[in-house]
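Bear in mind that the values here come from a model prediction, so they are computed numbers and not experimental data. Values reported hereafter were calculated over all heavy atoms of this structure, with side chains retained and with hydrogens, waters and symmetry mates removed.
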Amino acid sequence: MDVDPARPNRNTSIVILPIDPDYIPQVLETYLTGYDIDETWLSHPDVMNPEAFALSLEHFPQGQFMAFDTAADRVIGMSSSMIINYDIAQPLMKPWHKTTASGSLTTHNPHGNWLYGVDCVVLPQYRGKGVGGRLIKARFDIVRRRNLRGMIAGSMPIDYHIAAADGVTIEQYVNDVVAGRRWDTNLSKQLKKGFRVRNIIPNYLHDEPDTLDYAVAIVRENETYRPPAKNPGTATRPVRKP
């Protein structure tokens with residue numbers, strides 16, 4: 001797992017660490033700056049606030065990470081995750097604020113079977129340096145260690161508004177991105193990291209002009225998953241009917 005406070009990765013000054021409660025103000029600042037969210041939106045149900053960050057650390061501290069630049073002594077990225085019960089045969093359709101309780105993770109299920117990616121963002125000046133990929137690796141290490149089925153998230157097709165202005169439907173846009181005929185700044189990168197599209201989620205976020213409130217449910221299954229062993233002592237014998 002790429003989480004080592006003592007040794008920067010790849011000879012850089014950036015390390016991936018569990019979020020320390022003392023750094024919540026910096027994490028929040030990075031979150032707002034990375035997503036270009038004004039502080040006046042902190043009461044919006046689709047935006048995490050200081051209380052939500054604090055609650056997320058109470059409910060699932062192992063799933064919360066920050067990217068930290070030791071040279072600049074600042075948080076430059078963050079990711080948040082929780083565990084849910086999910087049936088891969090069914091589409092994921094709930095909006096973000098309902099699934100995550102507006103980022104507070106009070107809906108976290110420690111007995112669930114999939115890791116849900118709540119949020120992941122890197123400051124603009126640090127993008128293109130592999131930081132987002134390292135945050136994903138940290139999350140997927142949780143998947144393997146906990147023997148979860150995989151990871152699922154709502155990917156934001158952030159360039160869709162450009163195609164939508166030309167009358168392209170979200171279905172056609174996603175098909176084009178999957179086929180490589182279009183490049184989406186967010187979704188295309190996630191597909192290159194091993195995720196695949198499951199379904200489109202309408203009204204995933206509200207007031208999101210870049211995506212027209214759509215998201216794309218993406219999954220990456222755990223190749224090391226082992227089904228739990230059956231306990232022979234719990235087997236029931238068939239009932240003979242007269």
Are the side chains of [X] and [Y] in touch, meaning some heavy atoms are under 4.5 Å apart?
X: Arg196; Y: Glu221; answer: yes
X: Gln62; Y: Arg146; answer: yes
X: Phe195; Y: Leu187; answer: no
X: Asp207; Y: Trp41; answer: yes
X: Pro95; Y: Asn203; answer: no

For this session: Only counting residues at least two apart or in another chain, list the ones meeting side chain to side chain contact (heavy atoms under 4.5 Å, CB included) with Ser43.
Result: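 Scan of Ser43 (side chain to side chain contact (heavy atoms under 4.5 Å, CB included), adjacent residues dropped) gives none.
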Problem set entry | With sequence neighbours excluded, residues passing side chain to side chain contact (heavy atoms under 4.5 Å, CB included) with Leu205 |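 Partners of Leu205 under the side chain to side chain contact (heavy atoms under 4.5 Å, CB included) test: Asp46, Trp96, Met156, Glu208.
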Do you know the tightest heavy-atom contact between [X] and [Y]?
X: Ile14; Y: Ala67; value: CG2-CB, 4.4 Å
X: Leu123; Y: Gly34; value: CD2-N, 4.2 Å
X: Asn199; Y: Pro91; value: OD1-CA, 3.4 Å
X: Met93; Y: Ile201; value: O-CG2, 3.4 Å
X: Thr169; Y: Tyr160; value: C-OH, 3.3 Å
X: Leu135; Y: Ile16; value: CD2-CG2, 3.9 Å

How long is the span from the [atom1] atom in [X] to the [atom2] atom in [Y], to the nearest 0.5 Å?
X: Thr211; Y: Asp159; atom1: OG1; atom2: CG; answer: 11.0 Å
X: Ile152; Y: Leu92; atom1: CD1; atom2: CG; answer: 4.5 Å
X: Thr185; Y: Gln190; atom1: OG1; atom2: CD; answer: 11.0 Å
X: Thr100; Y: Lys98; atom1: OG1; atom2: NZ; answer: 12.0 Å
X: Asp210; Y: His161; atom1: CG; atom2: NE2; answer: 4.5 Å
X: Asp69; Y: Lys129; atom1: CG; atom2: NZ; answer: 9.5 Å

Problem set entry | Exceeds 12 heavy-atom contacts within 6.0 angstrom, atom CZ of Arg181 |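 Counting other residues, nucleotides and ligands, CZ of Arg181 exceeds 12 neighbours.
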For this session: For Asp36, look at atom CG and say whether over 12 heavy atoms of other residues, nucleotides or ligands are found less than 6.0 Å away.
Result: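 It does not: Asp36 CG has 12 such atoms or fewer within range.
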Please determine whether residues [X] and [Y] belong to a single hydrophobic cluster, defined as Ile, Leu, Val, Met, Phe, Trp and Tyr linked transitively by side-chain heavy-atom distances below 4.5 Å.
X: Ile162; Y: Val177; answer: no
X: Leu105; Y: Leu55; answer: no
X: Tyr31; Y: Leu57; answer: yes
X: Val216; Y: Trp183; answer: no

Exercise. Does the pair His206 and His97 meet the rule for a side chain to side chain contact (heavy atoms under 4.5 Å, CB included), with working shown?
Worked result: CA-CA 10 Å; His206 299 90; His97 76 275; 4.0 Å; yes
Problem set entry | Whether Asn49 side chain and Ala52 backbone form a donor-acceptor pair below 3.5 Å |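 Confirmed, Asn49 side chain pairs with Ala52 backbone.
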Problem set entry | Flag, side chain of Asn186 to backbone of Ile158, donor-acceptor distance under 3.5 Å |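 Flag not set: sc Asn186 to bb Ile158 has no pair under 3.5 Å.
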For this session: For Glu223, enumerate each residue passing the salt bridge (charged side-chain N to carboxylate O under 4.0 Å, His left out) test, keeping only those at least two apart in sequence or located in another chain.
Result: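 Glu223 satisfies salt bridge (charged side-chain N to carboxylate O under 4.0 Å, His left out) with Arg144 once adjacent residues are dropped.
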Exercise. Under the side chain to side chain contact (heavy atoms under 4.5 Å, CB included) criterion, do Arg198 and Ile88 qualify, and how do the steps go?
Worked result: CA-CA 8 Å; Arg198 287 296 299 164; Ile88 197 170; 3.9 Å; yes
Exercise. Can you check side chain to side chain contact (heavy atoms under 4.5 Å, CB included) on Leu28 and Leu42, steps first, answer last?
Worked result: CA-CA 10 Å; Leu28 179 62; Leu42 285 176; 4.3 Å; yes
For this session: Using the test side-chain hydrogen bond (donor to acceptor under 3.5 Å, both in side chains), find all partners of Tyr225 that sit at least two apart in sequence or belong to another chain.
Result: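 Listed in chain order: nothing, the list is empty.
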For this session: Using only heavy-atom distances, determine whether the side chains of Glu171 and Asn175 contain a donor-acceptor pair under 3.5 Å.
Result: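 Absent: no donor and acceptor within the cut-off.
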Exercise. Are a donor atom and an acceptor atom from the side chains of Tyr173 and Asp184 found within less than 3.5 Å of each other?
Worked result: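 Indeed, the side chains of Tyr173 and Asp184 share at least one donor-acceptor pair under 3.5 Å.
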Just list the side-chain donor-acceptor pairs under 3.5 Å for residues 71-83, sequence neighbours left out, or say none.
| from | atom 1 | to | atom 2 | distance (Å) |
| --- | --- | --- | --- | --- |
| Ser80 | OG | Gln64 | OE1 | 2.6 |
| Ser81 | OG | Arg139 | NE | 2.8 |

Problem set entry | Asp141 with Lys137: basic N within carboxylate O range, under 4.0 Å |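 So Asp141 does not pair with Lys137 through a salt bridge.
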For this session: Take the angle between the ring planes of Tyr23 and Phe68 and call it parallel below 30°, perpendicular above 60°, tilted in between.
Result: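 It falls in the perpendicular class, over 60°.
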Less than 3.5 Å apart, which donor and acceptor atoms pair up between the side chains of residues 111-120 and the rest of the protein, not counting sequence neighbours?
| from | atom 1 | to | atom 2 | distance (Å) |
| --- | --- | --- | --- | --- |
| Asn113 | OD1 | Tyr86 | N | 2.9 |
| Asn113 | ND2 | Tyr86 | O | 3.2 |
| Trp114 | NE1 | Tyr86 | O | 3.4 |
| Tyr116 | OH | Tyr204 | OH | 2.5 |
| Asp119 | OD1 | Tyr35 | OH | 2.9 |

